[in-house]
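Take a look at the structure below.
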Amino acid sequence: MVSVTIRIKPATQSRWPDVASAFDRGGSNPNSCWCQRFRDHNAATNEDALRREIDRATIPVGLLAYDDEHPVGWTRVMPRRTLPGVTRNRALRRLLDDDDSAWWVACVNVQRGSRGEGVGVALLKAAVEHAREHGASVLDGHPVDVAMSKSRPSPAALFTGTVSIFRAAGFREFGRTYPTRPVMRIELR
């Protein structure tokens with residue numbers, strides 16, 4: 001058995017090459033998701049939008065996971081109010097309170113070769129601390145409940161994370177928007 005040591009660092013302008021590398025194969029296509037699913041932007045590509053966002057951020061909008069010196073994962077964690085795809089979603093609005101200090105985990109991306117090694121849990125635990133350090137009252141996410149799925153979801157459908165990694169990081173379910181889609185929270189105050 002190989003022991004993996006995961007280190008987490010904020011996604012900053014100087015770490016842009018690592019951000020791109022963390023997206024694995026999707027990083028070669030500037031119009032793949034680039035963690036823009038819940039964002040609105042006017043950039044030429046999703047890659048340009050994320051790069052501009054990271055370059056301009058005073059508080060990092062994401063975290064990178066490293067195995068040794070190699071980037072193997074990414075998570076977007078930021079104030080929920082800054083994610084229109086979350087705040088305008090009717091199913092989520094039924095469950096979420098109006099809390100300007102609530103934060104959201106929008107994406108948990110782990111490279112194929114590093115899945116099942118604790119990278120996702122390490123990213124979520126670091127996201128909790130990142131949100132707490134920046135004044136968040138709660139940290140929420142909308143993972144996939146693979147156990148409730150009638151068929152095996154494609155890896156691309158799991159970009160919001162899975163229930164198992166959210167539970168392992170201390171999150172608790174407080175509602176569902178669909179049988180396979182719980183909304184999970186960790187209280188930070």
So, do R88 and D40 sit near enough that their side-chain heavy atoms are less than 4.5 Å apart?
yes
If we count only N and O atoms by modelled type, under 3.5 Å, do the side chains of R94 and T177 hold a donor and an acceptor together?
no
Heavy-atom side-chain contact between Q36 and L50 under 4.5 Å
yes
Is there a side chain to side chain contact (heavy atoms under 4.5 Å, CB included) between I54 and V19? Walk through the geometry before answering.
CA-CA 10 Å; I54 288 171; V19 172; 4.0 Å; yes
Salt bridge E173-R181, side-chain N to carboxylate O under 4.0 Å
no
Pairwise distance CG(L64) to CZ(R7) - rounded to 0.5 angstrom
10.5 Å
When rounded to the nearest 0.5 angstrom, what is the spacing between OH in Y178 and CE in M148?
10.0 Å
Using every non-hydrogen atom in the two residues, find where A102 and S137 come nearest and quote the distance to one decimal.
N-OG, 3.7 Å
Close side-chain approach of F171 and V183, heavy atoms under 4.5 Å:
no
Does either side chain, that of D145 or that of T180, offer a donor lying less than 3.5 Å from an acceptor on the other one?
no
What is the minimum heavy-atom distance between P60 and P10, and which atoms define it?
CG-CB, 3.6 Å
Is there a donor-acceptor pair closer than 3.5 Å between any side-chain N or O of T45 and the backbone N or O of D48?
yes
Side chain proximity check, P182 to V163, heavy atoms < 4.5 angstrom
yes
Between S21 and D18, a side-chain donor and acceptor under 3.5 Å:
no
Is there a path of hydrophobic side-chain contacts, each under 4.5 Å between heavy atoms of I/L/V/M/F/W/Y residues, joining V105 to V138?
no
Suppose the criterion is salt bridge (charged side-chain N to carboxylate O under 4.0 Å, His left out): which pairs have a residue in residues 120-139, not counting sequence neighbours?
E129-R132
Hydrogens and angles aside, do N46 and H41 bring a side-chain donor and acceptor to less than 3.5 Å of each other?
yes
Check: L92 main-chain N/O paired with N89 side-chain donor or acceptor under 3.5 Å:
yes
Determine the minimum heavy-atom distance between G73 and V119, stating which atoms define it.
CA-CG1, 4.4 Å
Determine whether more than 12 heavy atoms belonging to other residues, nucleotides or ligands lie under 6.0 Å from atom CZ of R189.
yes
Closest heavy-atom contact between V108 and G120?
CG1-CA, 4.1 Å
So do R176 and M184 actually touch side chain to side chain, heavy atoms under 4.5 Å?
no
Measure the SG-CD distance between C33 and E47 for me, rounded to the nearest 0.5 Å.
12.5 Å
With clusters built from Ile, Leu, Val, Met, Phe, Trp and Tyr whose side-chain heavy atoms come within less than 4.5 Å, directly or transitively, what are the remaining members of the cluster of V144, listed by chain and number?
V146, L158
Pairing of D140 and R80 as salt bridge, 4.0 angstrom limit
yes
Give a yes or no on this: more than 12 heavy atoms of other residues, nucleotides or ligands lie within 6.0 Å of atom CZ of F174.
yes
Would you check if the side chain of T160 reaches a backbone N or O of A106 as a donor-acceptor pair within less than 3.5 Å?
no
Can you tell me how far apart CZ (F23) and SG (C107) are? Round to the nearest 0.5 Å.
5.5 Å
Are the side chain of R115 and the backbone of V110 linked by a donor-acceptor contact shorter than 3.5 Å?
yes
To the nearest 0.5 angstrom, please state how far the CG atom of N109 sits from the OG1 atom of T75.
9.0 Å
For D98, look at atom CG and say whether over 12 heavy atoms of other residues, nucleotides or ligands are found less than 6.0 Å away.
no
In this structure, is the centre-to-centre distance between the rings of W16 and W74 below 6.0 Å?
no
Taking the side chain as C-beta and beyond, is there a heavy-atom pair between W104 and R81 under 4.5 Å?
no
Could you tell me whether the side chain of L124 reaches within less than 4.5 Å of the side chain of V128, counting heavy atoms only?
no
hydrophobic_cluster_shared for V72 and I165, side chain cutoff 4.5 Å:
yes
Could you report the tightest heavy-atom contact between I186 and A169, atom names first, then the distance?
CD1-O, 3.8 Å
To check you understand the geometry: which heavy-atom pair defines the closest contact between A131 and L188, and what is its length?
CB-CD1, 3.8 Å
Are the side chains of F166 and R172 in touch, meaning some heavy atoms are under 4.5 Å apart?
no
Run the side chain to side chain contact (heavy atoms under 4.5 Å, CB included) test on Y66 and R15 for me, step by step, so that the C-alpha distance in whole Å, both residues' side-chain angles and the decisive distance to 0.1 Å come before the verdict.
CA-CA 12 Å; Y66 292 84; R15 292 192 182 107; 3.4 Å; yes
CZ of R37: more than 12 outside heavy atoms within 6.0 angstrom?
no
Kindly write out the residues that satisfy side chain to side chain contact (heavy atoms under 4.5 Å, CB included) with D55, not counting sequence neighbours, or none if the list is empty.
Q13, R51
Quick one: do W103 and V77 satisfy side chain to side chain contact (heavy atoms under 4.5 Å, CB included)? Show the steps, please.
CA-CA 7 Å; W103 279 43; V77 55; 3.8 Å; yes
